[in-house]
Structure formats: structure tokens, C-alpha cells
Amino acid sequence: MSTETAGGKGLLLKGDPIAATFRDEVKKSLEQCARRPKIVGILSTSSAPSHSYAEFTRRQCEELNVEYVLKKVGAAKSAELSEGDGVEEAIIEANEDDGVHGIMVYYPIFGGRQDHYLQQIVSPLKDVEGLNYKFHYNLYHNIRFIKPQSLLATTQAPASEHTTADGDVPPQGTVKSILPCTPLAIVKCLEHVGVYNRILPYGDRAYGKTITVINRSEVVGRPLAALLANDGARVLSVDIDSIQEYTKRPKIAGTAETEAPLKRFNPRHVVHSSNLTLQECLAISDVVVSAVPSANYKVKTEWLKDGCVCLNIAAEKNFEKDIREKASIYIPAVGKVTILMLLRNL
């Protein structure tokens, strides 16, 4: 079953019902393509999670009639080759192949700046993962719609050439800017369980929610914190050496003495340092998202706010076994939703 409850415990919600809400949408969209879409997955390491994710991607693509080709290079191809050998060449080859519509690369490979460099090698026209700097710039600046031709420019277009329209339907001549798949999947999960309030205006539907995101990685944690803050939430971003607060609401409210009232919120999120401890963050959080790549890391159930929503994003379980004693909803993985978000970007 995709949902489980027992003895007054919180709901265990698996990714299947959430993914199902997007499967028909993606299927209909793909059926309108002039030719069968083709994705190339590039696997260059011996990492077991990466190999599992590649196989999972293949199965999902087959279900939706998307051609999926897995290109193995480096240690993924032979134990005699080094981790990451040939990955850049494989990306360039896929970029130049007119028969390829989307490219995904299985990270981590080298880690840090070298992986970031590889993400920029992927053509933004084929980047279904939303990792190109053009998409990251839009995400962090809360630019939701772009003119397609801006992806071909060698420099970032000024903000005046973009739009942050009031609704979620792209204005004429624009398309939605692609968002990183895993952060977007998490947002869709939160929408599904009602954390986002659909009565509120588009772009502010997480207003009133405090959300803790544990791990400020450039792939998931940081972009997720920005997405949630740009949607109105107060986000506490926890990393190994610091805690930051992401919010688009001014710290100081307007007063009668001010010549002009301050804006209700900034056009995009602002980051402040925080003096809160992790325990204090969890005690006030309506939602807790953990993405720590370590089997030894556990979020303490006793520190959680009663009735919170918890999501595990890491390959390892970051929450203790009794998580549902405190959490009203626990989502143990979002992989199936992430793949649907990727296929939406084709």
C-alpha cells in the first residue's frame, strides 16, 4: 500500500500516489511530441545508488514510452577505468546529437566544483535536471517564466526581460523556467499533502509555514530552501557548520512614522544568519526535510513539533524508527516523483 496508518501513528505516505497525479499529465504531453523523446543517461562511477537510480530511470521511461539510452563510461564501464573517466566527452557527444532531447548525468562524480563544472557543460536546451546556471539564476532570483530564446544567449538576460507573473500560467511568448528535479518534487509533495495553501496567491502559498531543511547542498538543500522561501515560507537551512534563515519577508515591519509603507515581501528571498540551534529549529517547524548522505545521521524524534510533516530525501534513512509518533505525515522517499518532474522537463 502507498499509505499506511496504525494505532494513532502518523500517516506513512509513499511516493506512488503523488507520482500518479503527474503521470497522466506527462503521458499526454509526451504523446503530443512529433517524435518519440530520447533521454541519454550518463553513468561514470561505481556508486551503487547511482546504478540503482539509472535502472529506476530506465523503467519509468519505458512506462511512458520515452526512449532511454544509458551510456556507461569510466568506472561504470570497467573496473580498470577511473571514476568519472570520459564523462565530459560523453556530455559533449550528447549535446551535439540532434536525436537526443534530454541529458541526465548521475552525480556525485568528483564532487564539489568539478561536478558543478560538468553541470554547466550540459546544454540548457537539453538539461532536464535544471542544473545549468541559467536555471539556477532564475530560481534564486524568483524568475519563474522566461523567453525560450534567452537560453541561447551567452550571457544572462537582465531581469527586465523576464517575468514573475501573478499566476502559474506562462504569459504569451514565455515558458516556465526549469527547476531542479528533486527540489521541485519535494515542493509537489508538500502541495499534495496540503502544506501549500491554494487559497493564497500564487507565489505565496507557503506563507505561514516554518520549514527546516537539513543539508545545504548545491544540488538539493540550497535550491530547495530558496524555492520554499520564494513561495512564502520561513525556511531554516541547517548545515554542518551553520544555520541560515531564508525569507522574502522584511525583518522590520513598517511603522506609522515611515514615509512609505514597506513592501509585504521582497521580490525574492533574502538570507540571514541564525542563532537558533537545530533543536530549536525543529521545535518550531511545520515541515522537516532531511537530505544528509549518511546512514549514521538521525533526526531526533523527541525534538520534532507535534503534527509536523517529515520528508526523507537521502538514500539513507535520516529519521528515527519512531518518527510517526510525532509526525502527522512521513514521506520516506521522493524518487518516483523526481523522475516525473524530470520527464516534464523534456
Side-chain angles (χ1 to χ4, degrees), residues 1-23 25-26 49 52-53 56-57 60 179-198 205-206 209-217 219-221 223-225 227-229 231 233 235-238 278 281-282 284-295 297-344:
M1 293 180 65
S2 56
T3 57
E4 298 176 17
T5 56
K9 291 184 178 181
L11 178 71
L12 173 64
L13 177 60
K14 297 181 181 178
D16 303 76
I18 306 173
T21 62
F22 296 101
R23 188 166 280 106
E25 172 198 334
V26 172
S52 297
Y53 191 33
F56 179 63
T57 308
Q60 293 294 307
L179 296 170
C181 295
T182 300
L184 180 58
I186 296 165
V187 168
K188 294 303 179 184
C189 290
L190 295 179
E191 288 180 346
H192 183 84
V193 301
V195 170
Y196 275 57
N197 187 341
R198 293 188 176 276
R205 290 175 177 165
K209 302 299 182 182
T210 298
I211 302 175
T212 289
V213 178
I214 304 174
N215 189 1
R216 200 180 306 124
S217 73
V219 176
V220 178
L224 174 62
L227 271 179
L228 295 170
D231 278 342
V235 182
L236 299 167
S237 172
V238 178
L278 173 59
C281 290
L282 297 177
I284 60 174
S285 290
D286 305 292
V287 177
V288 178
V289 180
S290 188
V292 179
S294 170
Y297 182 82
K298 302 293 179 187
V299 176
K300 291 184 178 295
T301 302
E302 63 184 288
W303 289 359
L304 296 170
K305 178 181 177 180
D306 283 331
C308 65
V309 174
C310 294
L311 295 88
N312 183 78
I313 310 304
E316 297 81 9
K317 296 187 188 321
N318 283 176
F319 291 90
E320 295 179 326
K321 292 182 179 179
D322 62 350
I323 174 62
R324 291 162 62 200
E325 298 293 341
K326 276 288 191 77
S328 60
I329 299 173
Y330 172 52
I331 302 176
V334 299
K336 292 184 178 181
V337 186
T338 298
I339 293 295
L340 268 296
M341 296 302 103
L342 183 146
L343 295 176
R344 284 175 95 209

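Worth saying up front: this structure is predicted, and the values here are computed from it rather than measured.
By the side-chain hydrogen bond (donor to acceptor under 3.5 Å, both in side chains) test, S285 pairs with T212, sequence neighbours left out. In this structure L227 satisfies the side chain to side chain contact (heavy atoms under 4.5 Å, CB included) test together with L139, L179, P183, V187, sequence neighbours excluded. The side-chain hydrogen bond (donor to acceptor under 3.5 Å, both in side chains) search around N215 returns none, not counting sequence neighbours. Listed by chain and residue number, V309 satisfy the side chain to side chain contact (heavy atoms under 4.5 Å, CB included) test with S328 (two or more places apart in sequence, or in another chain). In terms of the side chain to side chain contact (heavy atoms under 4.5 Å, CB included) criterion, residue partners of E320 (sequence neighbours excluded) are, by chain and number, K298, K300, T301, D322. Applying the salt bridge (Lys or Arg N to Asp or Glu O under 4.0 Å) criterion to K209, with sequence neighbours excluded, gives no partner residue. In this structure, the side chain to side chain contact (heavy atoms under 4.5 Å, CB included) partners of A229, at least two apart in sequence or on a different chain, are V235, Y246, H269. Residues meeting the salt bridge (Lys or Arg N to Asp or Glu O under 4.0 Å) test with R216, sequence neighbours left out: none. In terms of the ring pair (Phe, Tyr, Trp, His ring centres under 6.0 Å) criterion, residue partners of Y53 (sequence neighbours excluded) are, by chain and number, Y106. With sequence neighbours excluded, no residue forms a side-chain hydrogen bond (donor to acceptor under 3.5 Å, both in side chains) with R205.
To the nearest 0.5 Å, the span separating CD1 on I214 from SG on C281 amounts to 8.5 Å. Annotation: the span from L224 atom CG to L311 atom CG amounts to 9.0 Å, rounded to 0.5 Å. One finds the OG atom of S237 at 12.0 Å from the CD1 atom of I211 (value rounded to the nearest 0.5 Å). Rounded to the nearest 0.5 Å, atoms CZ (F22) and NZ (K188) are 5.0 Å apart. Taken to the nearest 0.5 Å, the OG atom of S217 stands 10.5 Å off from the CD1 atom of I313. Taking CG of L228 as the reference point, atom CG of L236 lies at 11.0 Å (rounded to 0.5 Å).
Residue pairs meeting the ring-ring contact (aromatic ring centres under 6.0 Å, His included) criterion with at least one member in residues 304-328, sequence neighbours excluded, are F319-Y330. Within the structure, salt bridge (charged side-chain N to carboxylate O under 4.0 Å, His left out) pairs that include any residue of residues 307-318 do not occur (at least two apart or interchain).
Side-chain contact between R344 and E25 is present, with at least one heavy-atom pair separated by less than 4.5 Å. Using a 4.5 Å heavy-atom threshold, the side chains of I186 and V213 count as separate. The shortest distance between side-chain heavy atoms of M341 and T182 does not fall below 4.5 Å.
Scanning both residues, N312 and A314, for their nearest heavy atoms gives ND2-O, 3.1 Å. When all heavy atoms of G15 and V337 are compared, the closest pair comes out as O-CG2, 3.9 Å. Of all heavy-atom pairs between K326 and L304, the closest is NZ-O, 2.9 Å. Of all non-hydrogen atoms in P332 and L13, the two that sit nearest each other are CD-O, 3.3 Å.
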- request: Report the C-alpha distance between K305 and T210 in whole Å, list the side-chain angles of each, state the deciding distance to 0.1 Å, and finish with yes or no for side chain to side chain contact (heavy atoms under 4.5 Å, CB included).
  value: CA-CA 11 Å; K305 178 181 177 180; T210 298; over 6 Å; no
